[in-house]
Amino acid sequence: MAVPETLERIAVEVPESALEMFESAFSACCRAVGFFLDEASGSWIVEGVKEAGAHEAELEASLALARMMTGVEPEITRGRVPAGGWLARSFAGFPEQLIGRRFAVRGTHIGAPALAGRTTIVLDAGLAFGTGEHGSTRGCLVALERVARFHRPRRILDLGTGSGVLGIAAALLWHRRVLATDIDARSVRVARANAAQNHAAGLFRAVRADGWTSPVLRRHAPYDLIFANILARPLAAMAADLARNLAPGGITILAGLLASQENWVISAHRRHGLALQARVAEGAWTTLIMRKRKA
């Protein structure tokens, strides 16, 4: 992928209560977004990378909405980052990740032979921006490994696919077709490229879709397995739609939530007939495995 000569890093420091809104604000206009806990202060650092000078109106509108919704007025720090420096940083921050007993996630910059006995997923580090070590991604892959012990889904949905890593992992694991969706057209292109990189293009269909409002999701329902690695607020809001489109006895893997938010998300899905099967903790992040009751 062609990379512009100069990129811009923008960042804010916010309390946990405002993390979701500011992450969403950055996601609306940045090509890559990350966030991490500053253990010294207890605050969260949200940072994004975008083309210098691009999408300024979208950024300001998204930040204004985040301020209004949270009542938080963080200082915004900005700085230019040469594209080569950003890619070097991405490479350095994206070593091969061994996840659970079954998976390995690595960047295209790693040329060593794949490890025997593991399903290796290769992502473009310049696009993935360190997703190989994010707690929610790791938690989902560990959850997938657990689910594979007792569940063999035929219809699989990766909702909010991002880099495509979860859907690709499922396609390679079961040799099943996966429908992957994302609201961001750039993420869809990245996911398709990553699927091709992993020789899974024939099993992995990525399309742009705005959540459950999209006819393509409903047309392929019900699903036996649904990944939803998003954020706590939209997970809770979409619980009824997810339950409606999950087959009886089907499994959903829910992630993108902090440990402090898990009870909220569990309660939202229990109201629609799903039962908690297991939790996976990865640092501050929790992944939930929930199952729909059989008729």
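With a 4.5 Å cut-off on side-chain heavy atoms, Leu276 and Arg270 count as touching. Under the 4.5 Å side-chain criterion, counting only non-hydrogen atoms from C-beta, Leu231 is in contact with Ser24. Under the 4.5 Å side-chain criterion, counting only non-hydrogen atoms from C-beta, Gln277 is not in contact with Met290. Val142 places none of its side-chain heavy atoms less than 4.5 Å from the side chain of Phe103. Residues Trp212 and Leu159 meet the side-chain proximity criterion, which asks for heavy atoms closer than 4.5 Å. In this structure the side chain of Val49 never reaches within 4.5 angstrom of the side chain of Cys30, judged on heavy atoms. Residues Val46 and Leu19 form a side-chain contact, since some pair of their non-hydrogen atoms from C-beta on lies under 4.5 Å apart. No side-chain heavy atom of Ile289 sits under 4.5 Å from any side-chain heavy atom of Thr252.
Distance check: Ser136 OG to Leu254 CG gives 12.0 Å after rounding to the nearest 0.5 Å. The distance from the CD1 atom of Ile251 to the CD1 atom of Ile156 is 12.5 Å, given to the nearest 0.5 Å. Here the straight-line distance linking atom CG of Leu141 with atom OG1 of Thr119 works out to 10.0 Å at 0.5 Å rounding. To the nearest 0.5 Å, atom SG of residue Cys29 and atom CG of residue Leu59 are 4.0 Å apart. Between atom CZ of residue Arg291 and atom CZ of residue Arg293 there is a gap of 13.0 Å, rounded to the nearest 0.5 Å. Atom NZ of residue Lys292 and atom CD1 of residue Ile226 lie 9.0 Å apart, to the nearest 0.5 angstrom.
Legend: residues meeting side-chain hydrogen bond (donor to acceptor under 3.5 Å, both in side chains) with Glu73, ordered by chain and number and at least two apart, are absent. Considering only residues two or more places apart in sequence or on other chains, Asn198 meets the side-chain hydrogen bond (donor to acceptor under 3.5 Å, both in side chains) condition with none of them. Taking Thr70 as the reference, Ala18, Met21, Phe22, Val72 meet the side-chain contact (heavy atoms from CB on, under 4.5 Å) condition, with sequence neighbours excluded.
Closest of all the heavy-atom pairs between Ser41 and Glu13 is OG-OE2, 3.2 Å. Of all non-hydrogen atoms in Ala278 and Arg146, the two that sit nearest each other are CB-NH1, 4.1 Å. Ala170 and Phe227 make their closest contact through CB-CE1, 3.9 Å (heavy atoms, listed as atom of the first residue, atom of the second, distance). The nearest pair of heavy atoms linking Gly53 to Glu8 is N-OE1, 4.0 Å. When all heavy atoms of Leu217 and Ala209 are compared, the closest pair comes out as CD1-CB, 3.7 Å. When all heavy atoms are compared, the tightest approach of Ala148 to Arg102 is CB-NH1, 3.8 Å.
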Side-chain donor/acceptor pairs under 3.5 Å, residues 232-247, sequence neighbours excluded:
{"residue": "Asp241", "atom": "OD1", "partner": "Arg244", "partner atom": "NH1", "Å": "2.6"}
{"residue": "Asn245", "atom": "ND2", "partner": "Asp241", "partner atom": "O", "Å": "2.8"}

Residues 256-263 side chain polar contacts: donor-acceptor under 3.5 Å, at least two apart:
{"residue": "Ser260", "atom": "OG", "partner": "Glu16", "partner atom": "OE2", "Å": "2.5"}
{"residue": "Gln261", "atom": "OE1", "partner": "Leu258", "partner atom": "N", "Å": "2.9"}
{"residue": "Gln261", "atom": "NE2", "partner": "Glu20", "partner atom": "OE2", "Å": "2.9"}
{"residue": "Glu262", "atom": "OE1", "partner": "Thr286", "partner atom": "OG1", "Å": "3.3"}
{"residue": "Glu262", "atom": "OE2", "partner": "Arg279", "partner atom": "NE", "Å": "2.2"}
{"residue": "Glu262", "atom": "OE2", "partner": "Arg279", "partner atom": "NH2", "Å": "3.4"}

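Linking Ile, Leu, Val, Met, Phe, Trp and Tyr residues whenever their side-chain heavy atoms come within less than 4.5 Å places Val105 and Val178 in a single cluster. Under the 4.5 Å side-chain contact rule for hydrophobic residues, Leu179 and Val190 do not share a cluster. Hydrophobic clustering, with ILVMFWY side chains joined whenever heavy atoms are under 4.5 angstrom apart, groups Leu63 together with Val14. Cluster membership for Leu203 and Leu172, using ILVMFWY side-chain heavy atoms within less than 4.5 angstrom, is not shared. Linking Ile, Leu, Val, Met, Phe, Trp and Tyr residues whenever their side-chain heavy atoms come within less than 4.5 Å places Leu144 and Val165 in a single cluster.
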- [ ] Take Arg138 and Gln97, measure what side chain to side chain donor-acceptor pair (under 3.5 Å) needs, and give me the verdict at the end.
- [x] CA-CA 9 Å; Arg138 294 180 65 89; Gln97 303 292 312; 3.0 Å; yes

- [ ] Take Leu166 and Asn229 through the test side-chain contact (heavy atoms from CB on, under 4.5 Å) and record every step on the way to the result.
- [x] CA-CA 9 Å; Leu166 302 179; Asn229 182 11; 3.9 Å; yes

Open item on the list: Checking Val216 against Arg205 for the side-chain contact (heavy atoms from CB on, under 4.5 Å) test, could you report, in this order, the C-alpha distance in whole Å, the side-chain angles of both residues, the deciding distance, and whether it holds?
Closed with: CA-CA 11 Å; Val216 69; Arg205 180 189 177 198; 4.0 Å; yes

Open item on the list: As a quick check of understanding, evaluate side-chain contact (heavy atoms from CB on, under 4.5 Å) for Arg155 and His220, giving each step before the final call.
Closed with: CA-CA 8 Å; Arg155 292 156 295 185; His220 290 83; over 6 Å; no

TODO: Walk me through it: do Val12 and Phe26 pass the test side-chain contact (heavy atoms from CB on, under 4.5 Å)?
DONE: CA-CA 10 Å; Val12 293; Phe26 279 21; 4.1 Å; yes

- [ ] Evaluate the salt bridge (charged side-chain N to carboxylate O under 4.0 Å, His left out) criterion for residues Glu96 and Arg118: first the C-alpha distance (whole Å), next the side-chain angles of each, then the deciding distance (0.1 Å), finally the verdict.
- [x] CA-CA 12 Å; Glu96 184 165 34; Arg118 286 185 179 265; over 6 Å; no

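Side-chain atoms of Asp182 come within 3.5 Å of backbone N or O of Gly162 as a donor-acceptor pair. Judged by distance alone, the side chain of Arg208 and the main-chain N or O of Ile183 form a donor-acceptor pair under 3.5 Å. Put simply, the side chain of Asp224 never gets that close to the backbone of Pro153: no donor and acceptor are under 3.5 Å apart. Listed for the Thr213 side chain is a donor-acceptor partner under 3.5 Å among the backbone atoms of Asp210.
Taking 4.0 Å as the cut-off between side-chain N and carboxylate O, Arg78 and Glu56 count as a salt-bridged pair. At a threshold of 4.0 Å, the pair Glu58-Lys50 does not count as salt-bridged, since none of the basic side-chain nitrogens sits closer than that to a carboxylate oxygen. Using a cut-off of 4.0 Å between Lys/Arg side-chain N and Asp/Glu carboxylate O, Glu145 and Arg101 are scored as not salt-bridged.
Side chain to side chain, Thr287 and Glu282 fail the donor-acceptor criterion of an N or O pair below 3.5 Å.
When the shell of 6.0 Å around NE2 of His272 is examined, it contains more than 12 heavy atoms from other residues, nucleotides or ligands. In this structure, Arg177 places its CZ atom where only 12 or fewer heavy-atom neighbours from other residues, nucleotides or ligands lie under 6.0 Å away.
Listed by first and then second residue, the ring pair (Phe, Tyr, Trp, His ring centres under 6.0 Å) pairs involving residues 137-189 amount to none (not counting sequence neighbours).
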